[in-house]
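For reference, the structure is listed below as structure tokens.
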Amino acid sequence: MSTSKENNTAQVDAHCVAPNSSKETDKGLALLKYVLIGTVFGMIFVKAEIISWFRIQEMFRLQSFHMYGVIGSAIVTGIISIQLLKRFNIKTMHGETILIPTKVFKKGQVIGGFIFGLGWAITGACPGPLFAQIGSGYTVILVTLVAALAGTWVYGKFEKYFPN
């Protein structure tokens, strides 16, 4: 956790495992880049069919490699990206050092992962493509969005009672 001197403009929550330690904040039109990146990312989700309930069901029924290929590609891309960030000391757009905290395994992650996977299998949606699914006209996913928000609220409210 950072000191208050380091957090002049960035709020860091003591419970957040990946705080945004950036000193610079984007305002106004500078935020447009995030909307554009999100839009392109959503279009890629649609074209890759990873928002398809059918594709997700195929994955959980072990009937198709499609989703496993997409997830595996994302993992490999992530590993390569993190290694490049670390080896070449790549900075943010604002010239700040990127800090990647060490992760600690907790048994609650296994329980949470199981619940997450169960919800994903039942609803055909995970938090990443929820908005792409809604934007594509699958309005029934609004129920999943409300459930995800409710689950997030419940977790925040009762986190202290859950296993580490």
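Applying the side chain to side chain contact (heavy atoms under 4.5 Å, CB included) test between R61 and each of Q57, E58, M59 identifies Q57 as the sole match.
Distance check: L31 CG to T25 OG1 gives 9.0 Å after rounding to the nearest 0.5 Å. Of the inter-residue distances, the one linking F131 atom CZ with I141 atom CD1 reads 12.0 Å to the nearest 0.5 angstrom.
The environment of CZ in F105 is crowded: more than 12 heavy-atom neighbours from other residues, nucleotides or ligands sit within 6.0 Å. Residue-environment remark: CZ (F162) exceeds the threshold of 12 foreign heavy atoms within 6.0 Å. For Y138, the OH atom sits in a loose shell: 12 or fewer heavy atoms of surrounding residues, nucleotides or ligands are nearer than 6.0 Å. Other residues, nucleotides and ligands place no more than 12 heavy atoms under 6.0 Å from the CG atom of L29.
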Run the numbers on L149 and V146 for side chain to side chain contact (heavy atoms under 4.5 Å, CB included), then give the verdict.
CA-CA 5 Å; L149 293 172; V146 170; 5.6 Å; no
List the steps and the verdict of side chain to side chain contact (heavy atoms under 4.5 Å, CB included) for M67 and I56.
CA-CA 7 Å; M67 289 296 290; I56 293 167; 4.2 Å; yes
For the pair I98 and K91, evaluate side chain to side chain contact (heavy atoms under 4.5 Å, CB included) and give the outcome as yes or no after the intermediate values.
CA-CA 6 Å; I98 298 173; K91 309 278 187 207; 5.9 Å; no
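Listed by first then second residue, pairs satisfying ring pair (Phe, Tyr, Trp, His ring centres under 6.0 Å) with a partner in residues 55-79 read F60-W120, not counting sequence neighbours.
With hydrogens and angles ignored, the 3.5 Å screen pairs a side-chain donor or acceptor of Q109 with a backbone N or O of K106. Under a 3.5 Å cut-off, the side chain of Q133 and the backbone N or O of S52 do not form any donor-acceptor pair.
Residues F45 and S136 fail the side-chain proximity criterion, which asks for heavy atoms closer than 4.5 Å.
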